[in-house]
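Since the structure comes first, as structure tokens, the remarks are kept for the end.
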There are 2 protein chains.
Amino acid sequence: MKLTKTSEYALRILSFMARKPEELYPARHLVEQLKISDKYLRRLMTDLSKAGFIRSIKGREGGYVFAKNISEIHLSQIIDAVEGMEKYMGCVLGFGECSDDNPCVMHESWLPMREKLMNVLNNKTLADFNYNKINKY
Amino acid sequence: MKLTKTSEYALRILSFMARKPEELYPARHLVEQLKISDKYLRRLMTDLSKAGFIRSIKGREGGYVFAKNISEIHLSQIIDAVEGMEKYMGCVLGFGECSDDNPCVMHESWLPMREKLMNVLNNKTLADFNYNKINKY
DNA sequence: ATTAAATGCTACAAGATTGTGGCATAAAAT
DNA sequence: ATTTTATGCCACAATCTTGTAGCATTTAAT
């Protein structure tokens, strides 16, 4: 089970911000806390802005704030915004034509797991985590 | 849920061979059927040989045959042989220190799914698929 | 107005993964 | 013995992902 670093970063950033969803977060602050390089983080922030999760405030005293309620931001949407969800939905053996009607040999064994993955990614939102339990970041 | 192409290929190749586990498969044959490039496939075959799953027979009339019973070849072992299993076991947010004792915010939500993945990969063997159902390859 | 501190964008660099070329080696067929 | 058809290996090429540099733009503070 491996997301790309890009998706990892996006989830890290937004779940970090979600601990205090009303605050304004300058890139500098996120970079320090999450140890992601400045330039790459800001590139991701642009994607996340365009997707409508956050809004950027330019200029001095600027930064990023949530643009919608964190309970409306699903994990799959985040991944989709930064790299696309398609790649996580394909056949485990990489056959383009694999489907319920025309399954690869592993289809039947693999499907329940992929369903579970999709359930998590589609149903969980940024509001669904217990941030108080955590001493990380 | 995404394995690398390398792992996909390895699973494709071995599950293809497992339909008729006694046969000898020249690389040419596998390449034609599975549409993997000749050189890359042979590189993978070398890894799979070194791991002891198959044995190569050189020279004319050569090819590859299983070196152990397919019921003894677990999916996780295959992945491990060609690219290592570690990367599939890490924290979903990419935190090296993430553990049950020191979890990231998503740990609790993510763990059941990763467990399920590990169950499939660790417990399923090449003998556990219903090859008769399949019209692919 | 000027400066300081922030984001936005484009193009390039580095690294990892995947794919290829060329040749050496092995063994059966002739 | 020679030829044909296999695998083995090494180094390089192409592509994809991740990271960086530089500069433009925006806005608050002074």
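Here is how names work: the chains are called A, B, and so on, in the same order as the sequence lines, proteins then strands, and each is numbered from 1.
- One can place CD of A:E8 at 10 Å from P of D:dG19, the figure rounded to the nearest angstrom.
- The residue among B:R28 and A:G59 whose nearest nucleotide of DNA chain D is located toward the 5' end is B:R28.
- At D:dG19, none of the side-chain N or O atoms of A:S37 fall inside 4.0 Å of OP1 or OP2 (strictly under the cut-off).
- The main-chain N or O of B:V65 is never found under 3.5 Å from a side-chain atom of B:R55 such that the two would form a donor-acceptor pair.
- Following rounding to the nearest Å, B:R42 (CZ) and D:dT5 (C1') show an atom-to-atom distance of 11 Å.
- Side-chain atoms of B:K39 and base atoms of C:dG22 include a donor and an acceptor less than 3.5 Å apart.
- For A:K50 and A:E61, each mapped to the nucleotide of DNA chain C holding its nearest heavy atom, the one lying further toward the 5' end belongs to A:E61.
- Counting only distance, with no hydrogens or angles, the side chain of A:D80 and the backbone of A:M85 share a donor-acceptor pair below 3.5 Å.
- A salt bridge does not link B:K5 to B:E83: none of the charged nitrogens lies less than 4.0 Å from a carboxylate oxygen.
- For B:R60, counting side-chain heavy atoms from C-beta on, the closest listed nucleotide (D:dT27, D:dA6, D:dT4) is D:dT4.
- The base of D:dG19 lies close enough to the side chain of A:R43 for a donor and an acceptor atom to sit less than 3.5 Å apart.
- Taking atom CE on A:M45 and atom P on C:dT7, their separation rounds to 8 Å, with Å as the unit.
- Checking side-chain atoms of A:S56 against main-chain N and O of A:K58 turns up no donor-acceptor pair under 3.5 Å.
- Between A:H29 atom NE2 and C:dA5 atom P the separation is 17 Å, expressed in whole Å.
- Note that NE2 of B:H107 and CG of B:D101 are 8.5 Å apart. Values are rounded to the nearest 0.5 Å.
- Rounded to a whole Å, the NZ atom of A:K5 is 17 Å from the P atom of C:dA14.
- Nearer the 5' end of DNA chain D, as judged by each residue's closest nucleotide, is the contact made by B:K58, out of B:K58 and A:T6.
- D:dC16 atom P lies 13 Å from atom NZ of B:K2, rounded to whole Å.
- Among the atoms of the strands shown, only primed sugar atoms or phosphate atoms (P, OP1, OP2) are found under 4.0 Å from some heavy atom of B:T4.
- Contact between the side-chain N/O atoms of B:S56 and the OP1/OP2 oxygens of D:dT7 is not found at any separation under 4.0 Å.
- Proximity of B:Y9 to the phosphate of C:dT18: no side-chain N or O atom is located under 4.0 Å from OP1 or OP2.
- Contact annotation: B:Y40 does not reach the phosphate of D:dT15 (side-chain N/O to OP1 or OP2, under 4.0 Å).
- Here the C1' atom of nucleotide C:dG8 and the CD1 atom of A:I54 are 13 Å apart, to the nearest Å.
- Computed from coordinates, the A:D38 CG to D:dT20 C1' distance equals 10 Å when rounded to whole Å.
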